[in-house]
There are 4 protein chains.
Amino acid sequence: MQPSVVSNVDDPALVEMRRSQFVKAAGELFARKGYHKTTIREITQGAGLSTGLIYSYVRSKEDVLFLVLENVLTSYLHEIPLALENADGPVERFCATVRAYCRVIGDKPHATLLAYRETKSLNPEYQAVIKRMELETNRLIIDRIEECLAAGYFRPVNIELLTYRIVLLAHGWALKAWRLQQFVTLEDYIEEGLDLFLNALMTPAGWSHYQQPERRTGTK
Amino acid sequence: MQPSVVSNVDDPALVEMRRSQFVKAAGELFARKGYHKTTIREITQGAGLSTGLIYSYVRSKEDVLFLVLENVLTSYLHEIPLALENADGPVERFCATVRAYCRVIGDKPHATLLAYRETKSLNPEYQAVIKRMELETNRLIIDRIEECLAAGYFRPVNIELLTYRIVLLAHGWALKAWRLQQFVTLEDYIEEGLDLFLNALMTPAGWSHYQQPERRTGTK
Amino acid sequence: MQPSVVSNVDDPALVEMRRSQFVKAAGELFARKGYHKTTIREITQGAGLSTGLIYSYVRSKEDVLFLVLENVLTSYLHEIPLALENADGPVERFCATVRAYCRVIGDKPHATLLAYRETKSLNPEYQAVIKRMELETNRLIIDRIEECLAAGYFRPVNIELLTYRIVLLAHGWALKAWRLQQFVTLEDYIEEGLDLFLNALMTPAGWSHYQQPERRTGTK
Amino acid sequence: MQPSVVSNVDDPALVEMRRSQFVKAAGELFARKGYHKTTIREITQGAGLSTGLIYSYVRSKEDVLFLVLENVLTSYLHEIPLALENADGPVERFCATVRAYCRVIGDKPHATLLAYRETKSLNPEYQAVIKRMELETNRLIIDRIEECLAAGYFRPVNIELLTYRIVLLAHGWALKAWRLQQFVTLEDYIEEGLDLFLNALMTPAGWSHYQQPERRTGTK
DNA sequence: GATGAATGAGCCTTCATTCAT
DNA sequence: CATGAATGAAGGCTCATTCAT
């Protein structure tokens with residue numbers, strides 16, 4: 001991994017610690033007020049440190065935004081795979097991943113919103129890094145789909161497109177949570193969404209191997 | 001309609017014309033550089049007019065953003081219903097609306113991205129107006145769903161939730177066009193999406209009344 | 001008299017009329033909001049005319065201020081001498097002039113305040129004209145003092161200084177009216193002030209010829 | 001004292017120093033060019049500091065004006081009472097205060113003129129503070145008058161009114177210095193003014209206790 | 001003569017960034 | 001390493017003035 005954001009300070013543990021302080025404060029402020037309306041002073045004050053110090057750990061305000069977004073994406077990359085630990089078959093693993101993705105986003109929808117809103121405020125290089133990380137996250141889903149296809153449990157599909165449909169299922173909650181929350185819980189939103197996909201995707205072989213959970217809406 | 005943005009100038013035709021000039025220039029700049037990085041000077045130059053003039057037609061830079069977003073939403077509200085003119089049955093009307101929604105957004109994805117990115121830059125009052133307009137647009141879909149339900153062509157569903165799934169189908173294209181375009185056309189994206197929903201929603205009665213187009217992916 | 005403020009318009013009667021419209025509106029606005037916080041638009045709107053028109057009767061905003069101030073000073077020059085019509089002896093004429101001066105100012109204290117506040121906003125040439133007019137007004141007092149001296153009714157005094165003491169008596173009311181009004185009427189303020197001066201100035205010969213009004217405070 | 005003007009900077013000594021730099025520069029500029037024609041850049045340059053810095057010590061340009069005026073009034077409040085140190089009897093103390101007031105104003109007439117000219121440029125709250133300070137200054141005079149009355153050295157008078165006559169004596173010099181200087185010195189202006197008042201005010205008891213200075217104009 | 005839309009210079013204020021301590 | 005005062009470029013907005021109609 002490239003040392004995308006450079007620091008004046010040598011001690012890596014200190015760098016790590018200070019950055020996480022700034023990123024935490026900045027994340028909250030950016031989510032609430034937006035990147036441009038947040039000042040460096042607010043960030044450093046929020047972190048309980050002095051104004052100038054942040055420039056020992058970051059070259060510019062833009063770096064801070066990048067670190068915040070990188071942080072969000074990295075957490076996805078770390079947390080989603082944990083869901084596979086207790087999942088057995090290919091379909092179960094697919095479902096577990098979708099649920100994990102949705103829950104991770106449902107857990108901090110503001111972070112995802114922030115990514116949608118402010119990624120464009122980054123320079124092209126940083127944007128590219130963020131996009132690359134999104135693609136890495138997508139891979140978590142793609143791999144599950146391919147497992148299901150390999151097992152003959154899913155019909156042939158455009159894998160990339162299906163992946164994005166699932167990404168949009170997850171992100172959709174963050175994007176429209178302000179309204180969706182009024183008439184559905186996150187868990188119901190997930191299950192109904194999964195149901196939709198499984199019904200369209202699963203082969204008979206798939207169904208026979210898949211232990212469906214109780215609640216199902218559009219059974220065939 | 002509330003005269004949400006006031007003007008110094010009396011002649012309504014002139015107001016209309018100048019505003020559309022400013023809105024056009026601003027829309028392009030906001031989409032390319034973002035709201036905050038765009039200056040009033042750039043907007044007025046883009047419109048071929050002098051710096052100060054814009055303040056005869058708008059009270060603040062924020063007003064310009066509101067007008068741009070209002071303009072986008074209004075165009076949706078006007079253009080989507082046109083698709084109903086040649087659609088006969090309830091399901092056909094539903095499909096026509098979904099297609100129209102997706103195409104309207106596919107036509108100017110930057111406008112939709114702008115709405116996602118910058119609505120938060122508006123004051124709460126303006127945000128509320130924008131949200132209300134989004135709900136009005138949703139109604140175009142809700143009405144189609146209810147027609148299908150009334151005719152017994154769709155199974156019982158959570159209407160609001162289904163509406164948002166369709167909204168996300170349409171918006172999803174704008175949000176992820178940078179990647180989706182690489183492996184699917186808008187039309188295929190639409191049809192496959194529609195297919196997914198119809199398979200999950202349609203009753204046998206629905207199928208017997210609905211003239212499916214040639215291309216279908218997940219046949220029953 | 002120099003045509004200090006020039007106009008594009010030929011018809012003198014029209015010039016006179018329009019100017020008085022603008023001066024009236026401007027006078028009120030300047031007194032209320034100050035010269036700099038008043039806009040040309042407010043003035044023209046206050047006069048019920050269009051923005052551009054004022055520049056046919058005046059070269060600049062500064063000209064308007066000059067006209068307003070000139071107007072005030074001119075009115076003093078016209079109104080104060082009227083008090084002499086019914087005044088007989090030198091002392092009576094002196095007193096009548098002092099009273100008239102104070103009353104003229106008491107009548108529109110805002111105009112005098114405006115002169116104190118905004119004369120410095122004029123260019124040096126205009127300031128000089130205003131000062132010259134003030135000196136002309138002073139002459140109305142000086143002449144009265146000289147009459148009393150010539151008659152042997154006033155002791156020898158520094159005429160200019162005495163004049164300014166009287167000017168300050170009059171202007172003082174305008175300058176401090178906000179407080180003075182709370183514990184004295186203008187008429188009492190005048191009479192007590194006059195009394196002060198007469199006691200200090202009058203010779204025995206003066207007293208024997210002067211019909212004192214009833215009310216006197218500090219009699220010897 | 002209320003912290004009417006707030007500062008970003010903590011160190012009180014620094015705040016004090018910087019403010020006095022800005023106030024000094026601003027005071028001169030305001031007196032020469034007026035408040036509105038003076039720019040923040042001129043003030044900061046005059047203080048030898050950078051443009052933005054002033055906003056660490058002041059919230060707005062208006063604050064600067066307030067500080068300048070407050071500074072003037074405060075200096076009156078501090079300096080005038082010093083005159084009492086060597087003054088013995090009530091009348092001596094009265095005269096000393098009047099002289100001190102006149103001299104303080106004669107020392108920096110521009111400051112007093114500035115107060116007359118620009119107080120209205122302040123918001124109502126600040127105006128009220130300034131007026132309150134003027135009343136505090138008046139108290140310095142009122143107290144002297146009351147001493148003289150208590151001792152039976154002055155005849156009964158309207159104290160407030162007399163106070164304002166003295167205030168106007170002092171301010172009058174600032175207001176008309178441009179002309180008065182041409183035919184009288186400040187000291188003569190003061191003594192002649194005092195003389196006028198004493199002759200009108202003093203009781204026989206007063207005279208017998210008061211050591212008149214040599215120079216007297218209107219002797220009894 | 002009258003109108004009012006258009007111009008554009010200029011000002012207050014903000015805030016990312018620097019650097020002396 | 002940390003602090004926070006200082007810098008100065010840049011942007012939103014106002015408004016006197018012009019000029020085509």
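As the structure is a computational prediction, the values presented were derived from the model and not from experiment. Protein chains get the first letters and strands the later ones, always in sequence-line order, with residue 1 at the start of each.
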First locate atom CD1 of I40(C), then atom CZ of F22(C), and finally report the distance between them rounded to the nearest 0.5 Å.
9.0 Å

Of V58(D), D10(D), V9(D), which is the lone residue that meets side chain to side chain contact (heavy atoms under 4.5 Å, CB included) with V15(D)?
V9(D)

Report yes or no: does E118(D) contribute a side-chain atom to a donor-acceptor pair with the main-chain N or O of L65(D) at less than 3.5 Å?
no

So what does T39(B) hit on the nucleic acid, given a heavy-atom distance under 4.0 Å: a base, only sugar-phosphate, or nothing?
sugar-phosphate

Could you tell me whether D11(D) contacts a base, only the sugar-phosphate backbone, or nothing, with contacts defined as non-hydrogen atoms closer than 4.0 Å?
nothing

Quick one: stems for DNA chain F, with Watson-Crick or G-U pairs under 3.5 Å, at least three in a row?
E:2-21 with F:2-21

Return no unless some side-chain N or O of Y55(D) is found under 4.0 Å from OP1 or OP2 of dT14(E).
no

Whole angstroms only, please: what is the CD1-C1' distance between I43(D) and dT13(E)?
13 Å

For the atom pair NZ (K61(C)) and OH (Y35(C)), what is the distance rounded to the nearest 0.5 Å?
5.0 Å

Go through the structure and list residues passing salt bridge (Lys or Arg N to Asp or Glu O under 4.0 Å) with E42(A), not counting sequence neighbours.
K33(A)

Is there a side-chain polar atom (N or O) of S50(B) under 4.0 Å from OP1 or OP2 of dT7(E)?
yes

Applying side-chain contact (heavy atoms from CB on, under 4.5 Å) to S50(A) and not counting sequence neighbours gives L53(A)

Can you list, in residue-number order, the parts of residues 21-37 of chain A that come under 4.0 Å of DNA chain E, counting heavy atoms only?
none

Opening and closing nucleotides of DNA chain F in contact with chain C, under 4.0 Å to non-hydrogen atoms
dC15(F) to dT18(F)

Over all strands shown, is I40(B) touching base, sugar-phosphate only, or nothing at heavy-atom distances under 4.0 angstrom?
sugar-phosphate

Working to the nearest 0.5 angstrom, can you tell me the gap between L73(B) CG and K131(B) NZ?
12.5 Å

Where at least one partner belongs to residues 11-24 of chain D, residue pairs that pass side-chain hydrogen bond (donor to acceptor under 3.5 Å, both in side chains), sequence neighbours excluded:
R18(D)-Q21(D)

With a non-hydrogen cut-off below 4.0 angstrom, is S56(A) in contact with a base, only sugar-phosphate, or nothing?
nothing

Could you give the distance from CG (L114(D)) to CG (N71(D)), rounded to the nearest 0.5 Å?
11.0 Å

Take the protein atom CZ of R18(B) and the nucleotide atom C1' of dT7(E), then report the distance between them rounded to whole Å.
12 Å

Starting at the 5' end of DNA chain E and moving along, which residue's nearest nucleotide shows up first, N8(B) or S60(D)?
N8(B)

Kindly compute the distance separating CE (M17(C)) from OH (Y57(C)), expressed to the nearest 0.5 Å.
9.0 Å

For a quick check of understanding: with a heavy-atom distance under 4.0 Å over all strands, which category does T38(C) fall into, base, sugar-phosphate or nothing?
sugar-phosphate

Per nearest nucleotide of DNA chain F, the residue lying toward the 5' end, E62(C) or R41(B), is R41(B)

Between dT13(E) (P) and L53(D) (CG): distance, integer Å
15 Å

When you compare the side chain of I130(B) with that of F66(B), does any pair of heavy atoms fall below 4.5 Å?
yes

